[in-house]
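Below is one structure, written out as structure tokens, with a few remarks after it.
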Amino acid sequence: MNCMYKNAIKEIADFITKNCLSVNSSLLNSKFLITGASGMIGRVLIDTLMFLNETEGLNISITALGRTLGNLQNAFSEYLSAPNLTLLCHDVNVPLTQNANFDYIIHAASNTHPVQYSTDPIGTINANVLGTLNLLEYAKNHSCKRFIFLSSVEIYGEALEGQLSFTEKDLGYIDCNTVRAGYPESKRVGESLCCAYAKEYNLDVVIPRLCRVYGPTMKKDDSKALSQFIKKAVQREDIVLKSEGKQFYSYIDVFDACLAVLVILLNGKTGEAYNVSSKKSDITLKSLAQKLASIAGTKVVFELPNETEQKGFSKATRAILDNTKLCTLGCRELFDIDSGLKLTVDLLRQGLKDD
């Protein structure tokens, strides 16, 4: 594992062990099921839990679920002989047939970038609705202690006039009669399902609502604007901006996102949703492009999006998450936007698995 990557994982683990008093009582000998395991967030979560096993002797058992066995094997190649990690090739849209009890189920499987929203709209909806339903049903029937559903800033939609940021009680506007709406609307339904299972079956659920996440574990086909900027910066190419760049969003690096998910898992109040963002990383798209051009030593160029890209673009021009509620759990950011972007580019240039 790359030293810089491992240091970032260590920072997450150190923060958790020093600031979450229930780490040992909650995680010792615990069993996790993590869907979307080879994705951007799932991968860092699993690396962190395996690091805690190594350094704290917590004996956490993890079942890493993904649709493609090859992706799982590649993401977790260094753990293939580890007794604490099991790879499970499965589609969450199909009910699980295992009979294992998991203390914690983290549902991180979802289409998460614009091209997928427009080219696989049904698959996007299914993972957030049918997949969530299947996992909640499994959790209910197998003594799950806590179910964690990774939701999204997208559930808020477009900020209304005068609305500067979203707290967990706010809502904006979504045009539901579009293909693009399948993602935010299905995330909303996923949250509603969690609340229904909490009410009807007394299932313990918590919901991190993630702002736009970036990091070195992003997939190669990730079509989000920031991911495209990062790829260009890694190759030291001009950064291509396909709009005026006035969109003002909250961003967070994947290490801070995973830290927040673990803090919510350990300290969050059952049934509650928590905005996951960083006050140090609220920024316009144009400024992001300029920062990455500076890292790459190149410039920002403008280009019109193609039809498929245009259909997948968010219509929101302002989506700032207020993370005050998360901070009350004791969560803090490890990186700001500058250090997060630089770490991401450096790691992608070197490779996560380099020594």
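Count residues from 1 along the sequence.
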Take T270 and R146, measure what side-chain contact (heavy atoms from CB on, under 4.5 Å) needs, and give me the verdict at the end.
-> CA-CA 8 Å; T270 185; R146 172 156 276 191; 3.8 Å; yes

Modelled atom types, side-chain donor and acceptor of E158 and T317, under 3.5 Å = yes

When the aromatic ring centroids of F255 and Y5 are compared, is their separation below 6.0 Å?
-> yes

Do N128 side-chain atoms and G190 backbone N/O form a donor-acceptor pair below 3.5 Å?
-> no

Does a side-chain N-to-carboxylate-O contact under 4.0 Å join K31 and D103?
-> no

Provide the closest heavy-atom pair for R349 versus A296 in the form atom of the first, atom of the second, distance.
-> NH2-CA, 4.0 Å

R67 CZ: over 12 foreign heavy atoms closer than 6.0 Å = no

If the plane angle is over 60° it's perpendicular, under 30° parallel, otherwise tilted; pick one for F166 and Y156.
-> parallel

Hey, any chance M40 and Y251 share a hydrophobic cluster, counting ILVMFWY side chains that come within less than 4.5 Å of each other, even indirectly?
-> yes

Would a distance-only check, ignoring hydrogens and angles, find a side-chain to backbone donor-acceptor pair under 3.5 Å from T124 to N111?
-> no

Determine yes or no for a side-chain-to-main-chain donor-acceptor pair under 3.5 angstrom, with S165 supplying the side chain and L321 the backbone.
-> no

Any chance the side chains of T167 and D322 put a donor and an acceptor closer than 3.5 Å?
-> no

Is a donor on one side and an acceptor on the other found under 3.5 Å between the side chain of E333 and the backbone of K279?
-> yes

side-chain contact (heavy atoms from CB on, under 4.5 Å) partner of I207, chosen from E191, E272, K187 | E191

On a heavy-atom basis, the closest approach of Q163 and L171 is NE2-O, 3.4 Å

Which atom pair, heavy atoms only, marks the closest approach of S38 to A75?
-> CB-CB, 4.0 Å

Distance, nearest 0.5 Å, that separates CD of E11 from OG1 of T48 | 11.0 Å

Assess whether side-chain contact (heavy atoms from CB on, under 4.5 Å) is satisfied between S339 and D336, documenting all intermediate values.
-> CA-CA 6 Å; S339 58; D336 60 18; 2.8 Å; yes

Any donor-acceptor pair under 3.5 Å from N134 side chain to N93 backbone | yes

Heavy-atom closest contact (I320 atom, S250 atom, distance) = CA-OG, 3.3 Å

Give a yes or no on whether a salt bridge exists between E137 and K140, defined as a side-chain N under 4.0 angstrom from a carboxylate O.
-> yes

Between V276 and I337, is there a shared hydrophobic cluster once you connect ILVMFWY residues whose side-chain heavy atoms come closer than 4.5 Å?
-> yes

Aromatic ring pairing H142/Y138, orientation class (parallel under 30°, perpendicular over 60°, tilted between) | parallel

Sidechain N-carboxylate O distance under 4.0 Å for K219, D221 | no

Looking only at heavy atoms, what is the nearest atom pair of K280 and F335, with distance?
-> CD-O, 4.4 Å

Is a side-chain N or O of R209 found less than 3.5 angstrom from the main chain of E168, in a donor-acceptor match?
-> yes

Could you tell me whether the side chains of K325 and N275 share a donor-acceptor contact shorter than 3.5 Å?
-> no

Inter-residue atom distance T63.OG1 - L33.CG, 0.5 Å rounding | 6.0 Å

Residue pair A181 / I174: nearest heavy atoms and the distance that separates them = CB-CG2, 4.2 Å

Among V213, L288, I283, find the residue that satisfies the side-chain contact (heavy atoms from CB on, under 4.5 Å) test when tested with L226.
-> L288

Going only through I, L, V, M, F, W and Y residues with side-chain contacts under 4.5 Å, is there a path from M218 to V254?
-> yes

Look at the side chain of E200 and the backbone N and O of C195, then say whether any donor-acceptor pair between them is shorter than 3.5 Å.
-> no

Report the residue from V234, T217, N2 that forms a side-chain contact (heavy atoms from CB on, under 4.5 Å) with L347.
-> N2

Does the side chain of S25 pick up a donor-acceptor pair with the side chain of S22 at under 3.5 Å?
-> no

Donor-acceptor pair, side chain of D120 and main chain of G123, under 3.5 angstrom | yes

Would you please test D338 and K291 for salt bridge (charged side-chain N to carboxylate O under 4.0 Å, His left out) and show each step?
-> CA-CA 8 Å; D338 292 297; K291 284 182 180 294; 2.9 Å; yes

Hey, is the main chain of A127 close enough, under 3.5 Å, to the side chain of H107 for a donor-acceptor pair?
-> yes

Does V23 offer a backbone N or O that forms a donor-acceptor pair with the side chain of S26 under 3.5 Å?
-> no

Could you point out which residue of N84, D47, N53 forms a side-chain hydrogen bond (donor to acceptor under 3.5 Å, both in side chains) with Y79?
-> D47

Indicate, with yes or no, if L65 and I41 share a hydrophobic cluster defined by side-chain heavy-atom contacts under 4.5 Å among Ile, Leu, Val, Met, Phe, Trp and Tyr.
-> no

Plane angle bin for Y183 and Y117 - parallel if under 30°, tilted between 30 and 60°, otherwise perpendicular = parallel

Go through the steps for F149 and V205 under the test side-chain contact (heavy atoms from CB on, under 4.5 Å), then give the verdict.
-> CA-CA 8 Å; F149 174 62; V205 301; over 6 Å; no

Can I62 and L45 be said to form a side-chain contact (heavy atoms from CB on, under 4.5 Å), step by step?
-> CA-CA 10 Å; I62 306 161; L45 283 172; over 6 Å; no

